[in-house]
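Okay, here's the structure, questions in a sec.
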Amino acid sequence: VGDDSHIHNGWAASLLAIAAATTVTTVIGTTAATPTLAEAKEDIEEGEESTRILNWLGTHHVDLAPGTYHEPETQLELEALVADAYRKGQHIRPVGSALSPNGLAFDSRGMVCLSNLDKIVEINKDEMAVTVQAGAR
């Protein structure tokens, strides 16, 4: 097996860029020490219920099968999720605040909520710029 880190990083960057656009923020990594996605998956029980995501108005929803809705807490978990989905050919779509008045952003094949990735990464006073993760509000 060859080194596919460029694919892994490319997919993670693509997902993060999409998420940044949906939440009007910029994404840079975090180094918080939390469990990896693989460790988190070990906690999933067989009888897990599906997840329902509603838009803010409550007029549209999507039901996601167990294991297809994700809420990573670190960039490492997000990168592992994206790499795993890529290897398996699974779809994952970032979900923001579900403020759309329609259900176009929903995807029953898989979704990832980035609200836990809400850290301020950098404040650059000279350039008057703030860099935050995709879940920052």
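Along the sequence shown, residues are numbered consecutively beginning with 1.
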Check: Quick one: NZ on K119 to CD on Q75, what's the gap to the nearest 0.5 Å?
Finding: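 The distance works out to 12.0 Å.
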
Item checked: Residue pairs fulfilling salt bridge (charged side-chain N to carboxylate O under 4.0 Å, His left out) with at least one residue in residues 108-118, sequence neighbours excluded ->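 Qualifying pairs: D107-R109.
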
Notebook entry, point to check: If you measure from CG on L78 to NE2 on H70, what distance do you get to the nearest 0.5 Å?
Noted result: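 With rounding to 0.5 Å, CG (L78) is 10.5 Å from NE2 (H70).
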
Notebook entry, point to check: Can you tell me how far the NE2 atom of H61 sits from the OG1 atom of T59, to the nearest 0.5 Å?
Noted result: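 So the NE2 of H61 and the OG1 of T59 are separated by 10.5 Å.
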
Item checked: Chi angles and distances behind the side chain to side chain contact (heavy atoms under 4.5 Å, CB included) call for M111, V62 -> CA-CA 10 Å; M111 296 184 74; V62 63; 3.9 Å; yes

Note to self: If you compare all heavy atoms of R93 against all heavy atoms of F106, which two are closest, and at what distance to 0.1 Å?
What the structure shows: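 Minimum heavy-atom contact is NH1-O, 3.5 Å.
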
Next item on the list: Determine the minimum heavy-atom distance between C113 and P72, stating which atoms define it.
Entry: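 Distance-wise, the nearest heavy atoms are O-CD, 3.5 Å.
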
Margin query: Please enumerate all residues that pass salt bridge (charged side-chain N to carboxylate O under 4.0 Å, His left out) together with D63, with sequence neighbours excluded.
Written below: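 In terms of salt bridge (charged side-chain N to carboxylate O under 4.0 Å, His left out), with neighbours along the sequence ignored, D63 is linked to R52.
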
Notebook entry, point to check: In Å, rounded to the nearest 0.5 Å, how long is the span from OG1 of T131 to CD1 of I120?
Noted result: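 Interatomic distance, T131 OG1 to I120 CD1, rounded to 0.5 Å: 10.5 Å.
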
Next item on the list: Examine distances only and state if a side-chain atom of N124 and a backbone atom of M128 form a donor-acceptor pair shorter than 3.5 Å.
Entry: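 A pair under 3.5 Å: no.
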
Check: Looking at S50 and A65, what are the two nearest heavy atoms and their distance?
Finding: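 Closest pair (atom of S50, atom of A65, distance): CB-CA, 4.4 Å.
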
Item checked: Residues V112, L114; criterion side chain to side chain contact (heavy atoms under 4.5 Å, CB included); working and verdict -> CA-CA 6 Å; V112 57; L114 301 173; 3.9 Å; yes

Notebook entry, point to check: To the nearest 0.5 Å, how far apart are CG in L64 and CD in E49?
Noted result: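 If we round to the nearest 0.5 Å, L64:CG and E49:CD are 13.5 Å apart.
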
Checklist line | From CD (E71) to OG (S115), nearest 0.5 Å | finding: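 Separation between the atoms: 5.5 Å.
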
Item checked: Contacts of A85 that satisfy side-chain contact (heavy atoms from CB on, under 4.5 Å) - sequence neighbours left out ->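 For A85, the residues satisfying side-chain contact (heavy atoms from CB on, under 4.5 Å) (neighbours in sequence not counted) are Q90, I92.
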
